[in-house]
Amino acid sequence: MVREMDYNPNQIIRMMQLGMKQKVLESRAIWLCVGCFSCISQCPNRVNIPAMMDALREMALEQRVAIQEPDIWAFNREFLNQVKRHGRVFELGFIARYKLATKAFFRDMKAGMKMALKGRFRWFPRRVKRLREVRSIMEAGYASRG
Ligand code: SF4
């Protein structure tokens, strides 16, 4: 993802050390980290960059910084809304809400059609049996972050 980022993860760390908080929170880089953990697996000091990026995204949201990658935020938000509602992702509902949020109605149309033809989508949502537990896990996660 580093090719797409405006600052490399090591630059983000250096910027934080130099007190450039606003610039960091306004960066695209914090939204483009996909949490793949490749950096941790290769870092001799096991610097947890994905956790750092998570924290920075949350700070950016809390401080209402203009989000440089609004589609990624819409994706995350709608994904979590689905999990909260059903305990899992209801793909059609997720795609509909994501498309409404981004107004990119025809992007990825081909891939979506392929998935539909292969029967990858359910037409109606199904809730997990222990939805209350899923929600309490999510609430605990939100509460632990203050
Ligand atoms: S987890 Fe690390 S390697 Fe993966 S996208 Fe984020 S910064 Fe890059």
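To the nearest 0.5 Å, the span separating CG on L32 from CE on M1 amounts to 5.0 Å. Separating the CZ atom in R127 from the CZ atom in R132 is a distance of 11.0 Å, to the nearest 0.5 Å. Atom SG of residue C39 and atom CG of residue N8 lie 11.5 Å apart, to the nearest 0.5 angstrom.
Formation of a donor-acceptor pair under 3.5 Å by the R64 side chain with backbone atoms of L61 is not found in this model. Judged by distance alone, the side chain of R135 and the main-chain N or O of K84 form a donor-acceptor pair under 3.5 Å. Side chain of D6 to main chain of R28: a donor-acceptor pair is present (N/O by atom type, distance under 3.5 Å, no hydrogens or angles).
In the displayed structure, F105 atom CZ is contacted under 6.0 Å by more than 12 heavy atoms of other residues, nucleotides or ligands. Annotation for R130: atom CZ does not count as buried by contact number, only 12 or fewer foreign heavy atoms lying within 6.0 Å.
F37 and I12 fall into different hydrophobic clusters, where Ile, Leu, Val, Met, Phe, Trp and Tyr are joined by side-chain heavy atoms under 4.5 Å apart, directly or via other members. Hydrophobic clustering (side-chain heavy atoms under 4.5 Å, transitive across Ile, Leu, Val, Met, Phe, Trp, Tyr) groups I13 together with V34. By the criterion of side-chain heavy atoms lying less than 4.5 angstrom apart, applied directly or through intervening Ile, Leu, Val, Met, Phe, Trp or Tyr residues, L80 is not grouped with W73; the two fall into different hydrophobic clusters.
Screening M15, M20, R14 against Q17 for a side-chain contact (heavy atoms from CB on, under 4.5 Å) leaves a single residue, R14. Partner of V83 under the side-chain contact (heavy atoms from CB on, under 4.5 Å) criterion, out of L131, V134, I137: V134 alone.
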Query raised in the report: When you look at L18 and K23, which way does the side chain to side chain contact (heavy atoms under 4.5 Å, CB included) test go after all the steps?
Result: CA-CA 11 Å; L18 295 172; K23 227 179 171 66; over 6 Å; no
**Report entry** Evaluation steps, ring pair (Phe, Tyr, Trp, His ring centres under 6.0 Å), between F90 and F124
**Finding:** CA-CA 8 Å; F90 167 48; F124 300 101; 7.9 Å; no
Query raised in the report: When you look at Q22 and V65, which way does the side chain to side chain contact (heavy atoms under 4.5 Å, CB included) test go after all the steps?
Result: CA-CA 8 Å; Q22 196 62 23; V65 171; 4.0 Å; yes
Requested in this report: Evaluate side chain to side chain contact (heavy atoms under 4.5 Å, CB included) for C33 paired with M52, printing each intermediate quantity in order.
Outcome: CA-CA 10 Å; C33 168; M52 178 191 81; over 6 Å; no
**Report entry** Derivation and outcome, side chain to side chain contact (heavy atoms under 4.5 Å, CB included), residues D108 and I95
**Finding:** CA-CA 10 Å; D108 306 322; I95 290 167; over 6 Å; no
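Counting heavy atoms from C-beta outward, I49 and I40 have side chains that stay 4.5 Å or more apart. Y98 is listed as a side-chain neighbour of D71, based on a closest heavy-atom distance under 4.5 Å. Residues Q82 and R97 form a side-chain contact, since some pair of their non-hydrogen atoms from C-beta on lies under 4.5 Å apart. Between E69 and E4, the closest side-chain pair of non-hydrogen atoms is not below 4.5 Å. Two residues are said to be in side-chain contact when any heavy atoms from C-beta on lie closer than 4.5 Å; M59 and I30 fail this criterion.
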